[in-house]
Amino acid sequence: MDAQKLVERVLDTGTWAAWDAPPAGMPPDEAVITGEGLLHGHRVAIVASEFGFRAGSIGVATAERIVAAIERATAEGLPLLAAPCSGGTRMQEGTIAFVQMARITAAVTRHRAAGLPYLVYLRHPTTGGVFASWGSLGHVTAAEPGALIGFLGPRVYEGLYGEPFPEGVQVAENLAAKGLLDAVVGIDDLSGIAATALDVLLHTQTEPATVPEPPADPIDEPAWDSIVRSRRPDRPGVRELLRHGATAITPLSGTGQGEADPGLLLALARFGSVPCVVVGQDRRSQRTGHPLGPAGLRVARRGMRLAAELDLPLVTVVDTPGAVLSQEAEEGGLAGEIARCLADMITLPARTLCLLLGEGTGGAALALLPADRVLAARHAWLSPLPPEGASIIVHRTPDRAAELAESQGVRSADLLADGIVDALIAERPDAADEPEAFCLRTAAAIEHALHEVTGVDPEARRARFSSFR
């Protein structure tokens, strides 16, 4: 599909307006088209490669056109959708063409620094310097199904090394599985998915439509009762919370740097009137063979960076039986990633809210805790170890877990009394017995708590989390 047909398929009918004019002294035809239009009513700028012109390669004139379009989008405050389809640098123009990738990257960096969304749709093929510059800098990155995406073109590899490049590596679906892409999307679905992301990324916020229920009162039940309830396999987790309580959901995948972790969910979403970035521990994945590891915490830190750069609230959801215990986790820097998550959360220049949804075990839970507001489900809890592990340390047996949990003050009521939690969310009597109603109640509590956090003061957040006694 050529570039013109692509923009006509993606944009609202009849809204495309080209920005292109030949740069002074340059040929009129080039390997990219630029312009603007409406995407489900959102005004957006577009840069789309034209593979039919010298394989979409980037020469000096093409770079001039791309940079001019990015700078105009930045100046006019427009989100930018880039749709590369290119073999990379134009070999016929040599080194001067090669260094244009740095110019384009600088323009994208200024656009992102202005807090403007940058979406990327990688088409077949996208290789070389294009993939290694403006093709890999998206806040959200998708690719065409089956697209060849890679740094080194397979024909060049075979010519240099005398053997074919391994099959299946430079394919969009494989890169998505490895956490390098957020999604693989057909052209007919692109406009809807991009518009859903922009519904959050452009962060229009309105007043809440409803008055939330008053916070739940603490109930004097044994800590062990909550621990047992929190471990019910049918208890709703972050996925159910999004399904029942959020809108405009755009799942994101991995770190963007070759790591993914099914135990950590990253998404853009709206809770009622408030758009946000959601970083949530997925209880079901963790309980079915994917305990949270250092890669998951690096995915979480990607979410924190998104929130900071785009000035979006960050919602973290704590629900974990604990981080993975393994040689790979130790060598992968688990402890360091917990520390860096804590540091990022405490200093993040964006509104933050933490929801203790269920189990809150160890460093994996603590890593997402420090926030401007902390809410807890009635049967959520927070502990340095699973109670059985703490009992082994103190009593040399797991059999006194219930007794130790009581003495450690792990219950939501204890967390509220100690100032660790700001409010409790009712369970009637158990979230697993009323999953949809509980998720709606929780979503409303998140929305109103984010409205209450009207300003961001990382210094106040630091003071709060240095004052517990």
Side-chain angles (χ1 to χ4, degrees), residues 1-11 16-37 44-74 78 80-111 118-138 141-144 146-157 159 170 172 187 190 194:
M1 184 181 300
D2 65 33
Q4 190 63 47
K5 288 179 181 175
L6 175 106
V7 298
E8 290 171 358
R9 292 271 287 276
V10 171
L11 295 179
W16 168 250
W19 288 353
D20 298 325
M26 298 293 181
D29 294 326
E30 260 309 325
V32 71
I33 66 170
T34 71
E36 67 170 276
V44 299
I46 291 187
V47 174
S49 295
E50 177 50 74
F51 194 78
F53 187 92
R54 298 189 180 180
S57 58
I58 306 299
V60 174
T62 306
E64 290 279 355
R65 184 172 287 183
I66 293 171
V67 169
I70 297 171
E71 290 179 342
R72 179 170 174 177
T74 306
L78 297 180
L80 178 61
L81 172 61
C85 181
S86 173
T89 300
R90 188 168 299 166
M91 294 297 109
Q92 295 89 338
E93 295 185 24
T95 299
I96 193 64
F98 173 55
V99 298
Q100 301 305 311
M101 303 304 174
R103 284 189 63 212
I104 298 170
T105 299
V108 171
T109 301
R110 288 191 293 270
H111 184 82
Y118 179 54
L119 311 181
V120 175
Y121 183 59
L122 302 172
R123 296 150 61 206
H124 175 70
T126 301
T127 61
V130 170
F131 183 44
S133 57
W134 54 290
S136 292
L137 294 174
T141 303
E144 182 182 0
L148 170 66
I149 311 290
F151 176 60
L152 181 63
R155 182 161 58 94
V156 175
Y157 180 92
Q170 296 175 311
I187 184 63
L190 177 59

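Keep in mind it's a predicted model, so treat the numbers as computed, not measured.
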Is it true that a side-chain atom of [X] and a backbone atom of [Y] form a donor plus acceptor pair closer than 3.5 Å?
X: S86; Y: G88; value: yes
X: T109; Y: T105; value: yes
X: T127; Y: G87; value: yes
X: R123; Y: M1; value: yes
X: S57; Y: R90; value: no
X: E30; Y: A61; value: no

CZ (F98) with more than 12 external heavy atoms under 6.0 Å
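Open: at most 12 neighbouring heavy atoms sit under 6.0 Å from CZ of F98.
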Where is the tightest heavy-atom contact between [X] and [Y], given as atom of each residue plus distance?
X: T89; Y: A97; result: CG2-C, 3.7 Å
X: H111; Y: Y118; result: CD2-CB, 4.3 Å
X: F131; Y: L122; result: CE1-CD1, 3.8 Å
X: P84; Y: V130; result: CB-CG1, 3.7 Å
X: A45; Y: W19; result: CB-CH2, 3.6 Å
X: R65; Y: V32; result: NH1-O, 3.0 Å

Rounded distance (nearest 0.5 Å) linking atom [atom1] of [X] with atom [atom2] of [Y]:
X: I58; Y: I66; atom1: CD1; atom2: CD1; result: 4.0 Å
X: L190; Y: L119; atom1: CG; atom2: CG; result: 9.0 Å
X: L6; Y: I187; atom1: CG; atom2: CD1; result: 4.0 Å

Tell me, with the steps shown, if Q100 and E93 meet side-chain contact (heavy atoms from CB on, under 4.5 Å).
CA-CA 11 Å; Q100 301 305 311; E93 295 185 24; over 6 Å; no
If we check side-chain contact (heavy atoms from CB on, under 4.5 Å) with V44, which of these qualifies: L11, L78, L80?
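It is L11; the other options fail the test.
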Minimum side-chain heavy-atom gap V47-W134 below 4.5 Å
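Side-chain contact under 4.5 Å: yes.
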How far apart are the C-alpha atoms of E50 and Q4, what are their side-chain angles, what is the distance that settles it, and do they pass the side-chain contact (heavy atoms from CB on, under 4.5 Å) test?
CA-CA 8 Å; E50 177 50 74; Q4 190 63 47; 5.8 Å; no
